[in-house]
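Below is one structure; the comments refer to it alone.
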Protein chains: 2
Amino acid sequence: MERKVVSAERSIAALKNHSEAEKKRRARINAHLDTLRSLVPGTSKMDKASLLAEVITHLKELKIQATEASEGLLMPLDIDELRVEQQEGGLHGGPCVITASICCDCKPGVLSDLRQELDALHLIIMRAEIATLEGRMRNVFVMSSCGGGGGDTKAHQFRGGRHPPGLEIHT
Amino acid sequence: MERKVVSAERSIAALKNHSEAEKKRRARINAHLDTLRSLVPGTSKMDKASLLAEVITHLKELKIQATEASEGLLMPLDIDELRVEQQEGGLHGGPCVITASICCDCKPGVLSDLRQELDALHLIIMRAEIATLEGRMRNVFVMSSCGGGGGDTKAHQFRGGRHPPGLEIHT
DNA sequence: ACTAACACGTGACGC
DNA sequence: TGCGTCACGTGTTAG
């Protein structure tokens, strides 16, 4: 019956260690989650799951940004492309950043039309870039809007020879 | 005593719902973790905490990569800069590649003068890029020359003039 | 056998 | 009050 007492004590100690280990594990995970919160803006008081979702979107976003940065000078030669992305940053009520890029044939009238459309938006142009390559042209505009909308990145991508509404391209 | 039975049943149902909700919550989080595993390479069968750590490092890495990518678009705001480099390839008497970049204030007449100068060189323009940022402009021209001359650096002074049609950039 | 990691159910707290 | 989230302790399984 002495055995029983000893084994009982050992069991208690083991259980205690177990719970402690588990607590430590949770602490580790939560610490990582906290650093993620500090890394991704606008996730300070977010849900654990929502935080992970936001991390995922941010990761994809950065991956796209990095890849298109490495091949930044490349442009599709066969297809026309128009992309409008609202970047994250409007969460704090501040101005959101909109990146618009268009790639098409380098024909007269394109630039003036493009500028008219951009002027109609009344946005603050932070950076403008125009590049030409073998008869093709690509414009990239980084603009700032005062009205801070949702923080979600709504990206419209038009591929193929179709031109989106609101932007008439001379062909 | 009927009351007690009813309340007991309610408690059981509530508890069941509770556990179910918690299970669903865990499933959501784990799903997000799974997508993170699919996103970050080499974390297929990794620890939950280690996965998060790896996600953090990857996030920082991508952030740096994206930042230094956008740094390629940065230009000095305080000093004017003109660079002409002859890339290797023209050593064998074949066509060499010349890269010229100029960074200065975005004033009218600069572009037309620049184009005149470039036209005088009779080079094949392989790629042209013009970027503006906060009143500054930067041009990068990658040109091909048929005669393999030396790669000397020349400075030019620009007079007043007009913008070429279709190339007006607002700042 | 011992450690580490996971899922589970439950109590607690906030809207 | 119910609903959602969190931390906790425990049972269970793999290396």
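A, B, ... follow the sequence lines: proteins, then strands. Residue 1 opens every chain.
A:Arg37 places a side-chain N or O within 3.5 Å of a backbone atom of A:Met46 that can act as its donor or acceptor partner. Judged by distance alone, the side chain of A:His122 and the main-chain N or O of A:Ala120 form a donor-acceptor pair under 3.5 Å.
Between the NZ atom of A:Lys16 and the P atom of C:dT3 there is a distance of 15 Å, given to the nearest Å. Rounded to whole angstrom, the span from the CG atom of B:Asp47 across to the C1' atom of D:dG15 amounts to 13 Å. The distance between atom CD1 of A:Ile12 and atom P of D:dT10, rounded to the nearest whole Å, is 10 Å. Between the C1' atom of C:dC8 and the CZ atom of B:Arg28 lies a distance of 17 Å, rounded to the nearest Å. Rounding to whole angstrom units, NZ of residue A:Lys24 and C1' of C:dT3 are separated by 11 Å. Atom pair A:Leu51:CG and D:dT5:C1' shows a separation of 14 Å (rounding to whole Å applied).
Nearest heavy-atom pair across A:Ile29 and B:Leu52 is CG2-CD1, 3.7 Å.
Applying the 4.0 Å criterion to OP1 and OP2 of C:dT3, one finds that A:Asn17 has every side-chain N and O outside that range. In this model, the phosphate group of D:dG4 is not approached by any side-chain N or O of B:Arg25 to a distance below 4.0 Å at OP1 or OP2. Taking 4.0 angstrom as the limit, B:Lys23 places a side-chain polar atom (N or O) nearer than this to OP1 or OP2 of C:dC8. Residue B:Lys48 has a polar side-chain atom (N or O) positioned under 4.0 Å from OP1 or OP2 of C:dA7. Distances shown here put a side-chain N or O of A:Arg26 below 4.0 Å from the OP1 or OP2 atom of D:dC8.
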**Asked** Going through the checks in order, is the side chain to side chain contact (heavy atoms under 4.5 Å, CB included) test met by A:Leu36 and A:Thr43?
**Response** CA-CA 9 Å; A:Leu36 277 180; A:Thr43 57; over 6 Å; no
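Of the two residues near DNA chain C, B:Glu20 and A:Ala21, the one whose nearest nucleotide lies more 5' is A:Ala21. The residue among A:Ile29 and B:Leu15 whose nearest nucleotide of DNA chain C lies closer to the 5′ end is A:Ile29.
When each of C:dA5, C:dT10, D:dG9 is scored by its nearest atom to the side-chain atoms of B:Glu22, the top-ranked nucleotide is C:dT10.
Judged by atom type and distance alone, A:His18 reaches the base of D:dG11 through a side-chain donor-acceptor pair under 3.5 Å.
For the side-chain hydrogen bond (donor to acceptor under 3.5 Å, both in side chains) test with A:Glu22, the passing option among A:Arg25, A:Lys24, A:His18 is A:Arg25; the others fail.
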